[in-house]
Trainee: 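I am attaching a structure below and will ask some questions about it afterwards.
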Amino acid sequence: MDRSEILKWLSEEDEGRLETLWYRTDDVRRANVGDEVHLRGLIEFSNYCVRRCHYCGLRADNHGIVRYRMTADEILDCARKAVEFKYGTVVLQSGEDTGVETEWMASVIRRIKSETPLAVTLSLGERGDEDLEAWRRAGADRYLLRFETSNPVLYERIHPSLPGRRSDRVAILRTLRRLGYEVGSGVMIGLPGQTCEDLADDIELFRELDLDMIGVGPYILHPDTPLGRKAVVSCRLSVARPVRSALDVERSKLNVERSKLGVEGSSTLPTACCLLPAARSQVPDTELMTYKVIALARIVCPLANIPSTTALATVNLARGRELGLQRGANVVMPNLTPPGYRALYEIYPSKACIRETAEECHLCLESRIAAIGRTIGAGRGDSTASRDRVQSAPMSEANS
Ligand code: SAH
């Protein structure tokens with residue numbers, strides 16, 4: 001699929017034609033990764049963060065949340081639950097927490113690897129090469145680091161670099177590949193200022209990086225962030241003239257209400273593109289746009305493991321996860337974080353399943369997967385792309 005076709009699909013609104021995209025994607029998914037849905041148990045083990053990302057509720061200067069860091073024993077308890085529930089993988093995720101020391105993390109990874117058969121995925125933000133190397137040596141199998149947007153100007157605006165250290169996530173993804181990790185990345189859909197051209201670039205970058213895992217979800221406004229505050233101010237100022245940020249706020253409120261009611265639907269308010277000629281190419285932060293990107297990601301990276309994300313379930317609690325799975329995804333990430341910590345890991349508000357226990361998430365997801373005629377994946381659900389890469393690489397490279 002070339003760039004012009006990607007762009008055509010991103011701006012397609014006709015439901016009938018979109019049905020053909022969903023069919024095609026579902027065929028590609030079945031032919032390449034089969035009907036199995038792999039379960040990755042998510043452990044959100046720390047919400048400390050040194051960064052000041054303009055979209056994320058964990059940002060360092062959000063003083064409105066209580067910070068926590070789980071102990072190694074608490075993390076191991078969650079990993080044992082993953083084994084009990086027959087998940088093949090645990091995903092250890094945190095804010096970018098400099099209090100997570102290299103050796104402590106390495107010892108947690110070693111314990112999980114020696115006491116369980118689980119694959120270990122890390123999602124700890126931007127860490128130095130030595131850390132990534134030490135954790136790979138300790139046995140970590142995979143690393144997730146979304147590049148968030150491939151547009152460098154937009155990226156710098158929403159994800160400021162730390163003093164003296166330019167944020168270059170694509171460079172880190174290449175390092176991760178060199179170190180032998182399975183590599184995952186992804187983007188948010190509907191960031192203020194993001195265009196369809198940006199999304200087409202993102203999808204082409206997925207292909208270029210030959211990703212093993214691709215996670216995409218709608219951007220969800222958090223009121224205690226610079227992007228959230230800007231949207232609220234614009235909303236108050238724009239009584240007479242609808243602007244995109246005013247719509248953002250309304251759409252966001254509606255999404256949350258709809259989600260509480262369990263009402264389904266793929267679009268809430270008309271997108272700003274329809275109302276404002278100047279903002280015509282702004283990407284809407286809708287479910288529908290997210291499904292399009294998942295579908296196109298599946299077509300350009302047919303072997304990738306693609307989750308139907310929590311953010312999708314947040315904007316459509318009733319059907320978001322299922323529709324993601326039916327439009328290209330083959331992975332879900334049930335939450336294993338103990339309930340006492342879960343609500344504190346608030347990257348965006350009204351996150352799906354924050355009041356559930358690990359057991360409840362487990363049963364709920366199992367029945368949702370069965371209801372759409374899919375099966376639960378056995379084993380670790382490793383990336384087949386990664387296996388092929390290792391087999392075709394010269395010995396020295398494969399072993400480096
Ligand atoms: N510290 C890690 C993990 C961050 S949370 C890291 O930086 O990689 C994982 C992902 O949640 C982020 O990569 C981002 O894409 C997503 N996220 C953060 N804030 C969000 C928001 N307001 N709406 C939707 N997704 C968000």
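This is a predicted model, so every value here is computed, not measured. FYI, side chains are in, hydrogens and waters are out, and symmetry mates aren't considered; it's all heavy atoms of this structure.
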Trainee: Group every Ile, Leu, Val, Met, Phe, Trp and Tyr by side-chain heavy-atom contacts under 4.5 Å, then state whether Leu336 and Val120 land in the same group.
Mentor: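 Both belong to a single hydrophobic cluster.
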Trainee: Give the minimum heavy-atom separation between Arg127 and Val100, together with the two atoms involved.
Mentor: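 For Arg127 versus Val100, the nearest heavy atoms are NH2-O, 2.8 Å.
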Trainee: Tell me if the CD atom of Glu101 is crowded by more than 12 foreign heavy atoms within 6.0 Å.
Mentor: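 Not more than 12 within 6.0 Å, no.
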Trainee: Atom CD1 in Ile214, atom OG in Ser185: separation rounded to 0.5 Å?
Mentor: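 OG of Ser185 is found 8.5 Å from CD1 of Ile214.
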Trainee: Between Thr20 and Gly16 (side chain of the first, backbone of the second, donor and acceptor by atom type, cut-off under 3.5 Å), is there such a pair?
Mentor: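 Side chain of Thr20 to backbone of Gly16, a donor-acceptor pair under 3.5 Å: no, none is there.
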Trainee: So how far is it from Trp9 CH2 to Leu21 CG, rounded to the nearest 0.5 Å?
Mentor: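 Nearest 0.5 Å value for the CH2-CG distance: 5.0 Å.
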Trainee: Are Val50 and Leu122 connected in the hydrophobic side-chain network, where two residues link if heavy atoms are under 4.5 Å apart?
Mentor: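 Different clusters: Val50 never reaches Leu122 through Ile, Leu, Val, Met, Phe, Trp or Tyr contacts under 4.5 Å.
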Trainee: About how many Å separate CD of Glu356 and CZ of Arg342, when rounded to the nearest 0.5 Å?
Mentor: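 So the gap between those two atoms works out to 7.0 Å.
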Trainee: Roughly how far, to the nearest 0.5 Å, is the CZ atom of Phe206 from the CD1 atom of Ile306?
Mentor: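 One gets 8.5 Å once the value is rounded to the nearest 0.5 Å.
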Trainee: Rounded to the nearest 0.5 Å, how far apart are CG of Leu179 and CD1 of Ile172?
Mentor: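 Those atoms lie 11.5 Å apart.
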Trainee: Between Arg110 and Glu103, does any NZ, NE, NH1 or NH2 come within less than 4.0 Å of an OD or OE carboxylate oxygen?
Mentor: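 So Glu103 pairs with Arg110 through a salt bridge.
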Trainee: Please examine the side chains of Leu124 and Met105, heavy atoms only from C-beta on, and report whether any two atoms are closer than 4.5 Å.
Mentor: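 Touching, per the 4.5 Å side-chain cut-off.
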Trainee: Using the rule given for salt bridge (charged side-chain N to carboxylate O under 4.0 Å, His left out), can you reason through Arg51 versus Glu148, listing the C-alpha separation, both sets of side-chain angles and the distance that settles it, and then say yes or no?
Mentor: CA-CA 14 Å; Arg51 302 207 78 100; Glu148 315 294 5; over 6 Å; no
Trainee: Measure up the His362 and Phe85 rings against each other and bin them: parallel (under 30°), tilted (30 to 60°), perpendicular (over 60°).
Mentor: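 Correct class here is parallel.
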Trainee: What heavy-atom pair brings Asp26 and Leu325 nearest, and what distance separates the two atoms?
Mentor: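 Distance-wise, the nearest heavy atoms are OD1-O, 4.2 Å.
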Trainee: Would you say the side-chain atoms of Arg52 pair up with the backbone N or O of Arg59, donor to acceptor, closer than 3.5 Å?
Mentor: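 No; zero donor-acceptor contacts below 3.5 Å.
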Trainee: Within the distance-only criterion (no hydrogens, no angle test), does the side chain of Arg67 pair as donor or acceptor with the backbone N or O of Leu58 below 3.5 angstrom?
Mentor: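 Indeed, once roles are kept as given, a pair shorter than 3.5 Å links the two residues.
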Trainee: Do Thr25 and Ile299 have side-chain heavy atoms sitting under 4.5 Å apart?
Mentor: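 Thr25 vs Ile299: side chains touch.
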Trainee: Do the side-chain N and O atoms of Arg298 and Asn330 include a donor-acceptor pair separated by under 3.5 angstrom?
Mentor: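 Looking only at side-chain atoms, Asn330 and Arg298 do form a donor-acceptor pair, the distance falling under 3.5 Å.
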Trainee: Would Glu182 and Arg380 satisfy salt bridge (charged side-chain N to carboxylate O under 4.0 Å, His left out), going step by step from the backbone distance to the final call?
Mentor: CA-CA 12 Å; Glu182 281 186 27; Arg380 303 176 3 145; 5.4 Å; no
Trainee: Within the structure provided, determine whether His159 and Thr149 are in side-chain contact (heavy-atom separation under 4.5 Å).
Mentor: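 Result no, sub-4.5 Å side-chain heavy-atom pair not found.
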Trainee: Are side-chain heavy atoms of Val91 and Met333 found at a separation under 4.5 Å?
Mentor: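 Yes. Closest side-chain heavy atoms under 4.5 Å.
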Trainee: Before you tell me yes or no, could you show the steps for Arg137 and Glu130 under salt bridge (charged side-chain N to carboxylate O under 4.0 Å, His left out), namely the whole-Å CA-CA distance, both residues' side-chain angles and the distance that decides it to 0.1 Å?
Mentor: CA-CA 10 Å; Arg137 246 184 288 119; Glu130 306 75 39; over 6 Å; no
Trainee: Looking at Arg165 and Glu96, is any side-chain nitrogen of the basic one under 4.0 Å from a carboxylate oxygen of the acidic one?
Mentor: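 The answer is yes: the pair qualifies as a salt bridge.
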Trainee: Is the shortest side-chain N to carboxylate O distance from Arg111 to Asp73 below 4.0 Å?
Mentor: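 Salt bridge flag = yes for Asp73 with Arg111.
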Trainee: Charged N to carboxylate O under 4.0 angstrom, Arg80 versus Asp77?
Mentor: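 Salt bridge flag = yes for Asp77 with Arg80.
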Trainee: Is the backbone of Arg136 close enough, under 3.5 Å, to the side chain of Tyr181 for a donor and an acceptor to pair up by distance?
Mentor: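 At least one qualifying donor-acceptor pair exists.
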Trainee: Does Lys81 have more than 12 heavy atoms from other residues, nucleotides or ligands lying within 6.0 Å of its NZ?
Mentor: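 Check fails, neighbour count at 12 or below.
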Trainee: Of the non-hydrogen atoms in Arg69 and Asp97, which two are nearest, and what is the gap between them?
Mentor: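 What the structure gives for the nearest pair is NE-OD2, 2.7 Å.
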Trainee: Looking only at non-hydrogen atoms, find the nearest pair between Val283 and Thr195 and report the distance.
Mentor: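 Taking Val283 first and Thr195 second, the nearest heavy atoms are CG2-C, 3.2 Å.
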Trainee: Of all heavy-atom pairs between Val33 and Ala304, which one has the smallest distance, and what is that distance?
Mentor: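 For Val33 versus Ala304, the nearest heavy atoms are CG1-O, 4.0 Å.
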Trainee: Donor-acceptor pair, distance only, cut-off 3.5 Å: does the side chain of Arg29 make one with the backbone of Gly34?
Mentor: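 It does hold such a pair.
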Trainee: Does the pair Arg142 and Ser383 meet the rule for a side chain to side chain donor-acceptor pair (under 3.5 Å), with working shown?
Mentor: CA-CA 10 Å; Arg142 312 179 187 137; Ser383 152; over 6 Å; no
Trainee: Do Trp135 and Thr102 make a side-chain contact, defined as non-hydrogen atoms from C-beta onward lying under 4.5 Å apart?
Mentor: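 Side chain of Trp135 against side chain of Thr102, heavy atoms only: contact under 4.5 Å found.
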Trainee: From Leu118 CG over to Asp141 CG, what is the distance, rounded to the nearest 0.5 angstrom?
Mentor: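 These two atoms lie 9.5 Å from each other.
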Trainee: For the residue pair Phe147 and Asp202, establish whether any side-chain heavy-atom pair is separated by less than 4.5 Å.
Mentor: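 Of all side-chain heavy-atom pairs linking Asp202 with Phe147, at least one is under 4.5 Å.
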Trainee: Do the side chain of Asn335 and the main chain of Cys353 share a donor and acceptor less than 3.5 angstrom apart?
Mentor: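 No, the answer is negative, given that no donor and acceptor are paired below the 3.5 Å cut-off.
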Trainee: Please determine whether residues Val300 and Leu303 belong to a single hydrophobic cluster, defined as Ile, Leu, Val, Met, Phe, Trp and Tyr linked transitively by side-chain heavy-atom distances below 4.5 Å.
Mentor: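 Result: no, two separate clusters.
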Trainee: Would Thr310 and Tyr348 satisfy side-chain contact (heavy atoms from CB on, under 4.5 Å), going step by step from the backbone distance to the final call?
Mentor: CA-CA 11 Å; Thr310 309; Tyr348 48 77; 3.9 Å; yes
Trainee: Do Val66 and Tyr48 share a hydrophobic cluster, counting only Ile, Leu, Val, Met, Phe, Trp and Tyr and linking them when any side-chain heavy atoms are less than 4.5 Å apart?
Mentor: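 The answer is no; the residues belong to distinct hydrophobic clusters.
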Trainee: Using a 3.5 Å distance criterion without hydrogens, assess whether the side chain of Asn305 forms a donor-acceptor pair with backbone atoms of Met213.
Mentor: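 Side chain of Asn305 to backbone of Met213: no pair is present.
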Trainee: For Arg321, does its backbone N or O pair with a side-chain atom of Ser308 as donor and acceptor, under 3.5 Å?
Mentor: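 Yes; at least one donor-acceptor contact below 3.5 Å.
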Trainee: Are Leu39 and Leu42 connected, step by step, through hydrophobic side chains (Ile, Leu, Val, Met, Phe, Trp, Tyr) whose heavy atoms are closer than 4.5 Å?
Mentor: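 Result: no, two separate clusters.
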Trainee: Whether the side chain of Gln282 engages the backbone of Leu191 through a donor-acceptor N/O pair (distance < 3.5 Å, no angle test) should be reported.
Mentor: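 Yes, the answer is positive, given that a donor and an acceptor are paired below the 3.5 Å cut-off.
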Trainee: Using a 4.5 Å cut-off on heavy atoms from C-beta on, say whether the side chain of Leu10 contacts that of Ile6.
Mentor: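 Yes, at least one pair of side-chain atoms sits under 4.5 Å.
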Trainee: Assess the residue pair Asp212 and Arg177 against the criterion (salt bridge (charged side-chain N to carboxylate O under 4.0 Å, His left out)); give the C-alpha distance rounded to whole Å, side-chain angles, the decisive distance to 0.1 Å, and a yes or no.
Mentor: CA-CA 10 Å; Asp212 299 301; Arg177 168 79 73 223; 2.9 Å; yes
Trainee: Work out which heavy atom in Val315 is nearest to a heavy atom in Glu287; give both atom names and the distance.
Mentor: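 Looks like CG2-CG, 3.7 Å.
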Trainee: Would you please test Gln194 and Asn151 for side chain to side chain donor-acceptor pair (under 3.5 Å) and show each step?
Mentor: CA-CA 8 Å; Gln194 191 179 42; Asn151 175 332; over 6 Å; no
Trainee: Could you check Tyr23 against Glu19 for side chain to side chain donor-acceptor pair (under 3.5 Å), going step by step and ending with a plain yes or no?
Mentor: CA-CA 6 Å; Tyr23 275 124; Glu19 277 303 319; 4.8 Å; no
Trainee: Is there a side-chain contact between Pro192 and Lys230, using heavy atoms and a 4.5 Å cut-off?
Mentor: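 In short, these two side chains do not touch, never coming nearer than 4.5 Å.
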Trainee: Counting neighbours of NZ on Lys8 that are heavy atoms of other residues, nucleotides or ligands and sit closer than 6.0 Å, is the number greater than 12?
Mentor: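 More than 12 heavy atoms, drawn from other residues, nucleotides or ligands, come within 6.0 Å of this atom.
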Trainee: Using a 3.5 Å distance criterion without hydrogens, assess whether the side chain of Ser367 forms a donor-acceptor pair with backbone atoms of Cys364.
Mentor: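 Yes, because the side chain of Ser367 sits within donor-acceptor range (under 3.5 Å) of the backbone of Cys364.
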Trainee: Could you walk me through whether Ser167 and Glu126 pass the side chain to side chain donor-acceptor pair (under 3.5 Å) check?
Mentor: CA-CA 8 Å; Ser167 169; Glu126 295 162 47; 3.1 Å; yes
